[in-house]
Amino acid sequence: MTRVRFEQLTLLAVALVHVVVQLAHGYSHIVADVPNTAVQWVFILTVIVVLPLVAVAVAFRRDVRLGASLFAVSMLASFFFGYLLHFVIDSPDLHSNVVGEHESIFFHSALNLALIELVGFVSGLLIAIRKR
C-alpha cells in the first residue's frame, strides 16, 4: 500500500468513527432532551458533519494535503465547539446540567466526540505537514 493510500484511508477511518460517535451523541441529545439552537444546528451540519466528509473526498479525488488540511481545521473547530458547550459554558448543553437516567450517555458520548476530534485534528495536521 502506498503512503498516499494509507493517509487517505486514515482520514476515512477517523471520519467514519467520528460519524458513529456523532450519531451516539445526537441520540443522547434526543433522549436527554437537550435541544440545539438554530445557529448550533447550522454549525453542526456544516462544520461537524459535512466538512470532514468533504475533506476526505478531496483527499481521495484531488489533493491529499488539501483534504488533510480541511479535515484538521474541521476537527479543531468541532473540538472547540463541543468542548466549550459540553464542558465549559453554563448552558443546557453543559454535561453537568444534564440530569436523569441519560446523563451518563450524554457525558460519555460528548467526551468520546472530543477525543475523536482531537485525534482527527492531529491526524489531519500530521498528514498535511508530511505532504509538504
Side-chain angles (χ1 to χ4, degrees):
M1 181 180 326
T2 66
R3 181 182 191 113
V4 169
R5 188 82 174 145
F6 176 78
E7 291 168 343
Q8 292 165 324
L9 292 174
T10 298
L11 292 175
L12 178 61
V14 175
L16 292 175
V17 171
H18 187 241
V19 167
V20 170
V21 178
Q22 283 177 49
L23 290 171
H25 187 64
Y27 171 78
S28 78
H29 267 266
I30 293 167
V31 297
D33 195 27
V34 178
N36 290 307
T37 67
V39 173
Q40 288 172 331
W41 272 115
V42 169
F43 187 88
I44 290 165
L45 293 174
T46 57
V47 177
I48 298 175
V49 175
V50 174
L51 188 55
L53 299 175
V54 168
V56 171
V58 168
F60 271 89
R61 296 190 177 258
R62 290 191 55 162
D63 182 352
V64 175
R65 183 173 181 221
L66 177 60
S69 298
L70 286 172
F71 193 77
V73 167
S74 71
M75 291 290 102
L76 186 61
S78 300
F79 171 78
F80 280 118
F81 175 84
Y83 177 74
L84 290 173
L85 287 177
H86 296 131
F87 301 104
V88 177
I89 298 171
D90 187 14
S91 71
D93 235 355
L94 185 67
H95 78 88
S96 59
N97 288 339
V98 178
V99 295
E101 64 182 301
H102 303 292
E103 66 183 299
S104 179
I105 188 172
F106 189 88
F107 171 75
H108 287 97
S109 64
L111 183 60
N112 284 323
L113 201 50
L115 292 173
I116 192 63
E117 288 163 351
L118 276 178
V119 168
F121 167 67
V122 170
S123 299
L125 182 64
L126 290 176
I127 291 168
I129 288 170
R130 268 194 239 160
K131 296 311 291 178
R132 259 211 272 172

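The shown structure was predicted, so the numbers you read here are calculated from the model rather than taken from an experiment. Below, all heavy atoms of this structure are taken into account, side chains as well, without hydrogens, waters or symmetry copies.
The local environment of CZ in F107 is crowded, with over 12 non-hydrogen atoms from other residues, nucleotides or ligands closer than 6.0 Å.
The shortest heavy-atom contact between V14 and G120 is CG1-CA, 3.6 Å. Annotation for V47 and P52: closest pair O-CD, 3.2 Å, computed over non-hydrogen atoms. Contact between L11 and A59 at its shortest, heavy atoms only, is CD1-CB, 3.8 Å. Of all the heavy atoms in A55 and F71, the pair that sits closest is CB-N, 3.4 Å. Here the closest non-hydrogen pair linking M75 and I116 is SD-O, 4.4 Å.
Applying the side chain to side chain donor-acceptor pair (under 3.5 Å) rule to pairs touching residues 112-129 yields H18-E117, sequence neighbours excluded.
A single hydrophobic cluster is seen to contain both V56 and I127, as judged by linkage of ILVMFWY side chains at heavy-atom distances under 4.5 Å, directly or through other members. Linking Ile, Leu, Val, Met, Phe, Trp and Tyr residues whenever their side-chain heavy atoms come within less than 4.5 Å leaves L12 and V20 in two separate clusters. Clustering ILVMFWY residues whenever any of their side-chain heavy atoms sit less than 4.5 angstrom apart, transitively, puts V39 in a cluster other than the one holding F81.
Between the N97 side chain and the S91 main chain, a donor and an acceptor come within less than 3.5 Å of each other. Without hydrogens or angle criteria, E7 side chain to V64 main chain gives no donor-acceptor distance under 3.5 Å.
Only one option out of N36, L84, V98 pairs with D93 in a side chain to side chain contact (heavy atoms under 4.5 Å, CB included); it is N36.
Inter-residue side-chain proximity for V49 and I44 is flagged as met; some heavy-atom pair is nearer than 4.5 Å.
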